[in-house]
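Following: one structure in structure tokens, then a few remarks.
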There are 2 protein chains.
Amino acid sequence: MELRQMKTPRHRKLYEILRKHINDGVYSEGDLLPSENDLCNVYGLTRPTVRQALAALVQDGYISKQQGRGSIVKKMPQGIGILSVSGTTSALKDKNLKTEIIEKPHIIPWPANFMFGLSDLEIESGCIHMTRLRLLDDNPIFYDISFIPAINLPRFTARNFRNRSLFDILRKAYQVEIKGGEQRIKAIMAEKDISGYLKIRPGHPVLHMERKMVTNRPELNVYSSIYCNTKDYSIFGTF
Amino acid sequence: MELRQMKTPRHRKLYEILRKHINDGVYSEGDLLPSENDLCNVYGLTRPTVRQALAALVQDGYISKQQGRGSIVKKMPQGIGILSVSGTTSALKDKNLKTEIIEKPHIIPWPANFMFGLSDLEIESGCIHMTRLRLLDDNPIFYDISFIPAINLPRFTARNFRNRSLFDILRKAYQVEIKGGEQRIKAIMAEKDISGYLKIRPGHPVLHMERKMVTNRPELNVYSSIYCNTKDYSIFGTF
DNA sequence: GAGAAATACTTGTAAATACAAGTATTAAGT
DNA sequence: ACTTAATACTTGTATTTACAAGTATTTCTC
């Protein structure tokens, strides 16, 4: 009986280490990473291997490189298309983001005429449904309706999501990472229920996003229908 | 007097060749590219160099790779965040896209309080300004206000943009390619002039995007303020 | 002290080589 | 005829070596 354990490539290991260091604040924004040769010596690797790890960090937006200088830590908003907002008047960093649960996660059958096409496995598995309201400085900004296929996510509905990021929980508790996705955006008039949650008057324009986010787990996609109050904030994104 | 011509790396050359072949239809979707060793022999390169070119093609979405099989051609829509629309009712491919010029390109000083920060060179160079209306099946969808720094773009204002893509002209006539950018999106109420162009009634919600697109030419960024009628169409994007 | 040149250090490009691991084809065995 | 094993071929990982090119620092010269 041959039990083969998934062996991680060395360049991947280094990538994980450096990414963790960046996220943990070992390096601040604008700092230089150790030089490629330093990394070689410290971790006992050769330059191509180190460069492979650094290339992945560039690709994922954690660092940028400059010939002759070094690898510069970016520590950007770091959401692969995950929502990031930018205030129109003041900076955002010292504002506090809260998440209120409107509807706790519970399993339902998928809605008819769902906004995205679903695979057979997704349909069979049923759907974890939850709605949340996200506030910035106590101003409601996002009204977020999420749909997640109930595929191997034990005790998911029992977790506490208040003031916690859905994607953090998926990553840390289930090793699910968002790899990419697609979205449709339009401007609509807020209907009564939405305007109530977002504390704007009915008829005011709101942003409506329908997004499908694919993960490292095949068949496990996260679907969201999001209504945004963009009166004081804009949706910000890079591409 | 030392005149140094920009010498392109070999992996870049191969990247360009393969990308052109893919775009020209030498390979169809799903086809396998020649194996890495074949490419080495044909172009007289070593595998690391070939792999660097292929990695760039993967990164830019032209191919995907599978260990043991080969490099599979994807030939996807290939718009780096460039506007793409998806109809809510019917498919889009057989619809016809037209572009009308509201205001021909002309050089102006940059507006005060411009939506993005500008470099000194950009400010000095002045700004090519134009406004266009884009229609899908004769329905006005985008009202597009563009700002481009007038840096080494000879005879730009004399060109004909009607029913032609701005980015195509930049690429083909000036070798300017969009590499990425950032954008801010909000939902607003259409004011009188906008609603007139988009043929909707004032007060109707429209999408407003402010985008900065960076190119392969340093300091040459394309700025746009775009108003979208999203009544029948959504803005579609992948990430 | 200020500017220019030399120097050290950094990332970029590229070659040659070796083996591991996944896939597809072919050959062998039942 | 079908399954299984061998094999050829593909991409993945990794080392070693060398030089080019850009940046930052130091040293020299005036």
Side-chain angles (χ1 to χ4, degrees), chain A residues 1-19 22 27 30-74 179 216 218, chain B residues 1-19 22 27 30-74 179 216-219:
Chain A
M1 187 59 178
E2 178 188 2
L3 201 146
R4 57 203 297 176
Q5 63 187 349
M6 167 78 154
K7 94 168 149 181
T8 321
R10 298 213 238 175
H11 66 85
R12 187 75 203 170
K13 286 235 180 88
L14 178 57
Y15 167 90
E16 299 289 359
I17 290 170
L18 293 174
R19 194 185 71 151
I22 291 171
Y27 307 103
D31 281 3
L32 291 177
L33 243 47
S35 80
E36 296 180 353
N37 283 323
D38 286 350
L39 291 173
C40 292
N41 296 331
V42 172
Y43 294 100
L45 302 168
T46 55
R47 249 189 93 208
T49 308
V50 167
R51 283 175 65 77
Q52 208 169 344
L54 293 179
L57 287 170
V58 170
Q59 149 74 19
D60 292 354
Y62 288 96
I63 62 171
S64 64
K65 301 182 80 180
Q66 191 185 347
Q67 191 177 34
R69 247 189 106 205
S71 307
I72 302 120
V73 175
K74 282 170 80 175
K179 305 303 275 185
N216 54 346
Chain B
M1 186 61 178
E2 180 188 2
L3 201 147
R4 58 204 294 177
Q5 63 184 348
M6 167 80 152
K7 94 166 152 184
T8 321
R10 299 215 237 177
H11 65 85
R12 188 74 203 169
K13 286 241 182 81
L14 178 57
Y15 167 91
E16 300 289 358
I17 291 170
L18 292 174
R19 196 185 68 151
I22 292 172
Y27 307 103
D31 281 3
L32 291 178
L33 244 46
S35 78
E36 297 180 353
N37 284 323
D38 286 350
L39 292 173
C40 292
N41 296 332
V42 172
Y43 295 99
L45 302 168
T46 55
R47 251 190 90 207
T49 308
V50 168
R51 282 176 65 77
Q52 208 170 341
L54 294 179
L57 288 169
V58 170
Q59 148 75 19
D60 293 353
Y62 288 96
I63 62 171
S64 63
K65 301 182 80 179
Q66 190 185 347
Q67 191 178 40
R69 246 190 106 205
S71 306
I72 302 120
V73 175
K74 282 169 83 174
K179 306 302 277 185
N216 54 346
R217 286 249 291 265
E219 310 263 23

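We use all heavy atoms of the structure for the numbers below, so side chains are in, but hydrogens, waters and symmetry mates are not.
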Quiz item: With a 4.5 Å limit on heavy-atom distance, are the side chains of A:L14 and A:T49 in contact?
Solution: no

Quiz item: Can you name the nearest heavy-atom pair linking A:H11 to A:A53, along with the distance?
Solution: O-CB, 3.3 Å

Quiz item: Atom CG of A:N41 and atom C1' of D:dT15: how far apart are they, to the nearest Å?
Solution: 15 Å

Each nucleotide N or O in nucleotides 4-11 of chain D that has a protein N or O under 3.5 Å away: list the pair and distance.
{"unit_1": "D:dT11", "atom_1": "OP2", "unit_2": "B:E36", "atom_2": "N", "d": "2.8"}
{"unit_1": "D:dT11", "atom_1": "O4'", "unit_2": "B:G68", "atom_2": "N", "d": "3.4"}

Exercise. Using whole Å, report how far CD of A:Q52 lies from P of D:dT15.
Key: 10 Å

Quiz prompt | Closest nucleotide among D:dA14, D:dT16, C:dA14 to the A:T49 side chain | solution = D:dA14

Quiz item: Which pair of heavy atoms, one from A:I17 and one from A:Y43, lies closest together, and at what distance?
Solution: CG2-OH, 3.6 Å

Quiz item: Where is the tightest heavy-atom contact between A:L54 and A:E36, given as atom of each residue plus distance?
Solution: CD1-CG, 3.6 Å

Quiz item: Quick one: A:L32 CG to D:dT25 P, roughly how many Å, whole number?
Solution: 10 Å

Quiz item: Checking salt bridge (Lys or Arg N to Asp or Glu O under 4.0 Å) for the pair B:R19/B:E16: CA distance, chi angles, key distance, verdict?
Solution: CA-CA 5 Å; B:R19 196 185 68 151; B:E16 300 289 358; 3.8 Å; yes

Practice problem: Using only side-chain N and O atoms of A:R12, determine if any of them is under 4.0 Å from OP1 or OP2 of D:dG12. | Solution: no

Self-check item: Length of the line joining A:Y15:OH and D:dG12:P, which is rounded to integer Å
Solution: 18 Å

Practice problem: Check the distance between D:dA20's C1' and B:H11's NE2 and give it to me in whole angstrom. | Solution: 13 Å

Practice problem: Write down the atom of A:L33, the atom of A:V73, and the distance for their closest heavy-atom approach. | Solution: CD1-CG2, 3.4 Å

Self-check item: Atom-to-atom span, CZ of B:R10 to P of D:dA21 - whole angstrom
Solution: 13 Å

